[in-house]
Each structure stands twice: as structure tokens, then as C-alpha cells.
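Worksheet: one structure, shown below.
Please read these numbers as outputs of a predicted model, since none were measured by experiment. Numbering of ligands and ligand atoms starts at 1, following listing order.
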Amino acid sequence: MSGGVWGAVRPHGVRLVAAAVAGASAELCGVGLIAAAAWLIARAAQRPELAALTVAIVAVRGFAVAKGSLRYAERLAGHDAALRALAELRGRVFDALAARRPGAGGEVRDGDALTRLVSDVDAVQDVLLRCVLPGVAAVACGVAGLVVCGVAAPAGGVVVVVGVLAAGLLVAGAGLPVAAAWAGGRAAGRAAAAREALAVRALDVLEGAADLVMFGADGRFAARAREAAARLERAERSAARVSGLVAAAGFVVQGVTAAAVVGAGLRGGADEVAAAVLGLTALVAVEAVLPLAGAARRWREVAPSVRRVGAVLEGAPVAGAVSGSPATVRGPVGVELLGVRVVRPDGVVALDGVDVRVEPGRRVAVVGASGAGKSTLLEVVAGAVPVSAGVVLLRGPGRRAVPPEALPGAVRGLMQDAHVFAGTVRVNLLPARPDATVAELDAAAARAGFAEVVEGLPDGWDTVVGVGGRALSGGQRQRLLLARALLADPPVLVLDEPAEALDPVAADALTRGLLTAPGGGTLLLVTHRLAALEDADELLVLDGGRVVQRGAHAALVAVPGPYRDLWEAEALAA
Ligand SMILES: Nc1ncnc2c1ncn2[C@@H]1O[C@H](COP(=O)(O)OP(=O)(O)OP(=O)(O)O)[C@@H](O)[C@H]1O
């Protein structure tokens with residue numbers, strides 16, 4: 001278990017040890033119960049005086065009652081410890097995620113990843129309840145079985161009896177778990193991959209049903225989904241076969257061990273009472289270690305979850321570093337990129353040695369052909385994408401670097417993957433500034449051209465826009481997202497194609513409005529339309545991840561170069 005995960009479990013160690021002791025004691029009582037019962041039955045068959053059986057009768061009752069009570073205590077203490085540790089762990093993971101600066105690496109960026117992290121944390125519970133506690137009980141019971149058999153075996157056969165039982169315990173407690181983890185892990189891996197494939201295929205069919213019918217591809221897609229379902233069925237059958245085989249092998253090992261122990265005892269001169277004790281004790285001792293196969297298989301399944309949770313915790317800043325209200329920076333802030341290089345995970349160089357300084361309060365448009373690296377530049381400034389080399393600095397008044405704790409609030413805006421929440425229009429704007437007044441909401445909406453959209457909605461600000469903003473048109477959705485970005489009014493506002501879904505006239509009017517509005521912070525605006533850029537303080541022209549030209553619109557169109565080419569291409573297309 002990684003240090004971070006263990007840190008959450010450690011405060012509840014005493015409860016966990018209590019549960020382990022109770023569990024092991026319950027198993028020991030089980031061994032005692034069987035040994036005493038075996039002795040009692042075998043001895044009773046010899047018709048001794050009742051007095052000779054009294055102790056054994058009491059012992060059987062005592063062991064039976066104690067076993068049940070201790071098992072109950074183990075369940076109580078084990079679940080109490082596991083649930084407390086889980087609550088602690090959830091808190092730590094939440095703190096670690098909340099404290100992480102975007103772009104620091106290892107982000108949990110989408111719902112799937114978040115859901116997986118939630119189940120990863122829950123899986124730690126299984127490590128404690130289904131791996132650690134059964135493991136402790138199995139070891140205790142195996143040792144107790146060896147001791148009881150050592151005591152019950154005749155002097156001449158002690159070594160052989162104990163040796164045979166030890167071999168059986170080793171096969172059941174080590175050999176089978178290793179085999180179960182290996183084979184079960186492979187089968188479970190195949191089943192997990194098949195389940196994922198089926199989910200993807202089923203979603204394709206359900207969500208794309210209308211398109212599939214339109215293109216006449218519904219039958220083909222349904223067949224692919226059926227194929228994926230059949231693959232999953234095969235994988236699950238094979239996983240079940242492995243479980244069945246391991247369970248069957250366990251019973252065989254148990255029976256063979258018990259028979260071999262009895263045989264060894266009889267050969268060593270044991271009487272029938274001792275033989276019964278040896279046989280039943282061996283049976284129960286091996287039975288107690290059989291759950292280790294399931295524990296090993298479960299461990300193999302949950303180990304990656306534990307590693308992922310550990311990685312999240314270890315990547316977290318020191319606890320307390322981000323407590324209290326987040327630091328803020330006021331007024332426009334300058335942006336400086338020094339030798340910034342961004343290599344995407346697939347090896348594409350999205351930015352290649354960008355050196356740029358944007359003074360506080362400047363309105364800068366970033367232009368270039370598709371794939372030139374415009375969005376990446378904004379993502380790097382926003383801290384949403386880590387740099388592979390170089391550095392991004394934000395400089396406040398007096399060119400002082402913005403302190404790291406104020407960085408998350410310093411750059412905000414509208415990125416390409418901006419999300420519309422499944423609530424009302426108002427709910428969609430408020431994340432930008434939860435304490436915004438009605439006047440501020442109205443002002444941001446007016447600047448984004450969203451005010452008239454709100455007026456036209458059936459319930460105005462209280463209109464529910466549906467998942468992903470389905471109740472809005474593309475242009476309305478985009479104006480909503482822009483209004484949210486403007487409401488935030490951050491020191492550096494980054495806007496990636498804020499007018500993309502609008503017609504050219506509306507788009508140019510909106511861009512002009514953004515570039516000329518009084519006040520506000522530094523603006524970095526990505527756009528592929530150049531018509532409205534005379535009002536920008538400066539243009540950065542990107543090509544192949546590099547800044548190839550910079551300057552005002554008038555100066556750039558006046559000289560041959562990439563910008564004039566783009567400008568002429570736009571004029572031709574108009
Ligand atoms: N998430 C990503 N994963 C991998 N490669 C990416 C990713 N995002 C962008 N790229 C690649 O990085 C390069 C720059 O992309 P970027 O989106 O920054 O360009 P852009 O100028 O904004 O293009 P567009 O105008 O088409 O949006 C491209 O080659 C693109 O394929």
C-alpha cells in the first residue's frame with residue numbers, strides 16, 4: 001500500500017488490529033471447536049464415563065459461542081475501521097484534487113476519470129476487508145492447526161503429520177492464491193476490456209440512433225454491439241471457469257491433506273480419537289486458508305486502484321498550503337512566455353519555442369492557420385496544459401511575478417471545451433462569480449450579446465438549458481459561455497474563438513466590442529476572422545507552433561507575409 005493511502009489507514013490502525021485479532025480468534029475458535037468436537041464424538045463412541053466428556057462438552061459449547069461472537073466483533077470492528085479509513089481517504093483525495101493547480105500534471109479532467117477515481121477510493125475498503133483481515137485470520141488459523149496437529153499426533157508421527165499439513169497449507173494458502181491471481185487477473189482483464197467495448201458500442205447505437213438510421217448503418221452498428229456483448233459473455237464465462245476451478249482445486253487440496261494427515265497419524269500409531277482430531281483439524285485449518293485465493297484475486301484487481309489513489313495523494317501539495325480564502329490578484333496582469341515548447345502526448349509539437357511578452361491591459365489577438373497552435377497558446381497561459389520546456393510568467397503591477405497561490409484565479413476565460421451545465425441560465429453564469437449582482441450579470445450578458453437571448457427565453461434567466469445547453473442554438477450557447485467568461489472579469493481574459501458559431505457580421509461586431517470595451521484585464525483572443533482586428537493593440541501570428549509575425553493589423557497587412565496571405569484569403573472568400 002502506498003504511503004499516501006497508508007497515511008489515511010494508519011489513524012484507524014488500533015481498530016484494524018482489533019478486527020484482525022477478533023477475526024483470527026474466531027478462526028482459532030473454529031479450529032478448537034472442530035478439534036474438541038472430533039475428540040468428543042470419537043471418545044463418546046468408546047462409551048466412557050460421562051464425567052470424562054464434561055470438559056469437552058463445555059469446550060465445544062464455549063468455542064461455538066465464542067466463534068460466533070468473535071466473528072460478529074470482527075465484522076463490526078473491521079467495517080468500522082474500513083469505513084473510517086475510507087472517509088479519511090476521501091477527504092484527503094478531495095483536498096489533493098482541490099489543491100492541484102491545473103497544468104501541474106495528472107489532472108482528473110473528465111467525468112469518466114472522476115468516476116474511476118471515486119471507485120478507486122472505494123476499492124481500498126476491499127483491500128482491508130477482503131485481503132488484509134482474511135489474510136491475518138488465515139495465517140493464525142494455519143499456525144493453530146499445525147500446533148493442534150503437532151500436539152494430537154502420536155510421538156512417532158509428529159514430524160510427518162505436521163509436514164503433510166504444512167505442505168497442504170502451503171498449496172492452499174500460497175500456490176492456489178498465486179494461480180488464482182494470475183489466471184483470474186487475466187480473465188478479469190479480458191472481461192473489463194470487453195465490458196468497456198460493449199459500453200462504447202451500446203452508447204454509439206443509443207446516442208447516434210437518429211444518424212445511424214438516416215445513413216442506413218443501424219443494422220451494422222447493432223451487429224457490432226451484439227458482437228461486443230458476445231465477447232463479454234465469453235470473457236465472463238472464462239473468468240467464472242477460473243473461479244470454479246480454483247474453488248474445486250481448493251476442496252481437492254483440503255480433502256487430500258486431511259486424508260494424508262490421518263494416514264500419517266495412523267502410521268505413526270495414533271488411536272481413532274487422535275485420528276479423528278487430526279483429520280478434522282486439518283480439514284478446518286486448510287479451509288481457513290482457502291479464502292486467500294479470493295483475497296489474492298481481489299488484490300490483483302484492486303492494486304491498480306490503490307496505486308492510482310496513491311499517485312493522486314503523493315502529487316498533492318503539503319496539507320494546509322492552500323487553506324483559507326484563495327489569494328487574489330487585482331487589475332490587469334502581463335503575460336510572459338519564455339522559450340515555451342509544448343509537445344502533446346502523441347508527440348505533436350504544438351508550440352515550438354514561443355517567446356512573447358504581453359504588457360498588462362493590452363488586447364492581443366492570436367491568429368494563424370488551423371493547427372498553428374493558437375488554442376494551445378491560450379491553454380498554456382491558462383495553466384490547462386503543461387509546458388514541455390520554457391516558462392509562463394504572469395506579472396502584476398511593477399512587473400512583480402504573480403505569486404503561485406494567486407495563479408489559479410488570475411487567468412480565466414472561454415476555452416474550446418467550455419461546458420454548459422444542465423441547469424438554468426443563471427446557474428450557468430454564476431460559477432464565474434458566485435456573488436455577482438443582477439447588474440453585473442446584466443452587464444456581462446449585454447457585452448456578450450446574450451441579453452437579448454435571455455429576453456427571448458421562456459423563463460428568462462431561470463430557463464433550464466438542458467444537458468450541454470441542448471435547449472440553446474450554437475450561437476446562443478456561445479454567447480452564454482462568453483457572458484460567463486466576461487462576468488469573471490479576471491486579470492487575464494483568454495477567449496478561444498468566442499464568435500465561432502456566429503454569422504460573420506455578428507462575429508465581427510462581437511470581436512470589435514471585445515477589443516474596444518473600456519476597462520477589464522489583459523485580453524488574449526484567438527480568432528480565425530481577421531476583419532475586426534484593426535482595434536487590437538497587437539496581433540500574434542502563429543505558424544507551426546511559432547510566432548512568425550507580430551504587430552498591429554495595419555502594419556502587418558502592409559507587408560508581404562503570412563498575415564497578409566491570411567487577410568487576402570479571407571477577402572477572397574468573402
Ligand atoms: N488535446 C490534444 N492532443 C493531441 N494533440 C493536440 C491536442 N490539441 C491540439 N493538438 C495538436 O496540436 C497542434 C496545435 O493545435 P491547436 O489546437 O493549438 O491549433 P489551433 O491553431 O488552435 O487550431 P484550430 O484553429 O484548428 O483550433 C495541432 O497539430 C493539433 O493537432
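- Every atom of ligand 1 is numbered from 1 in the order shown, and the set under 4.0 Å from a heavy atom of Ser375 is 17 (O), 18 (O), 20 (P), 22 (O), 27 (O).
- Summarising the contacts of atom 10 (N) of ligand 1 with Arg344, Lys374, Glu497, Glu500, the nearest heavy atom is found in Arg344.
- Residue contacts with ligand 1, taken as heavy atom pairs separated by less than 4.0 Å, involve Asp346 solely via side-chain atoms from C-beta onward.
- In terms of protein heavy-atom proximity, atom 14 (C) of ligand 1 is nearest to Gly371 O, 3.6 Å.
- A salt bridge does not link Arg190 to Glu233: none of the charged nitrogens lies less than 4.0 Å from a carboxylate oxygen.
- For the ligand labelled ligand 1, residue Pro345 lies outside the 4.0 Å heavy-atom shell.
- No side-chain heavy atom of Pro490 sits less than 4.5 Å from a side-chain heavy atom of Val411.
- Using a 4.0 Å cut-off between a side-chain N of Lys or Arg and a carboxylate O of Asp or Glu, Glu301 and Arg298 qualify as a salt bridge.
- The closest approach between any non-hydrogen atom of Gly368 and ligand 1 is not below 4.0 Å.
- Applying the 4.0 Å criterion to heavy atoms of Thr376 picks out, from ligand 1, the atoms 14 (C), 15 (O), 16 (P), 18 (O).
- One side chain, Thr376 or Arg344, offers a donor N or O that lies under 3.5 Å from an acceptor on the other.
- Counting atoms of ligand 1 from 1 in the listed order, those under 4.0 Å from a heavy atom of Ala369 are 21 (O).
- The protein non-hydrogen atom at the shortest distance from atom 19 (O) of ligand 1 is Gly373 N, 3.3 Å.
- Of the candidates Val367, Val526, Val348, it is Val348 that places a heavy atom closest to atom 29 (O) of ligand 1.
- Between Arg307 and Asp120, no side-chain nitrogen of the basic residue sits less than 4.0 Å from a carboxylate oxygen of the acidic one, so the salt-bridge criterion is not met.
- A salt bridge is absent between Asp537 and Arg363: the closest approach of a Lys/Arg side-chain nitrogen to an acidic carboxylate oxygen does not fall below 4.0 angstrom.
- Distance screen at 4.0 Å: atom 26 (O) of ligand 1 has a protein heavy-atom neighbour inside the cut-off.
- Nearest protein neighbour of atom 12 (O) of ligand 1, counting heavy atoms only, is Ala350 CB, 3.4 Å.
- Between Arg195 and Glu236 a salt bridge is recorded (basic side-chain N to carboxylate O distance below 4.0 Å).
- The side-chain tip of Arg297 does not point at the ring of Trp299 from less than 6.0 angstrom away and within 45° of straight on.
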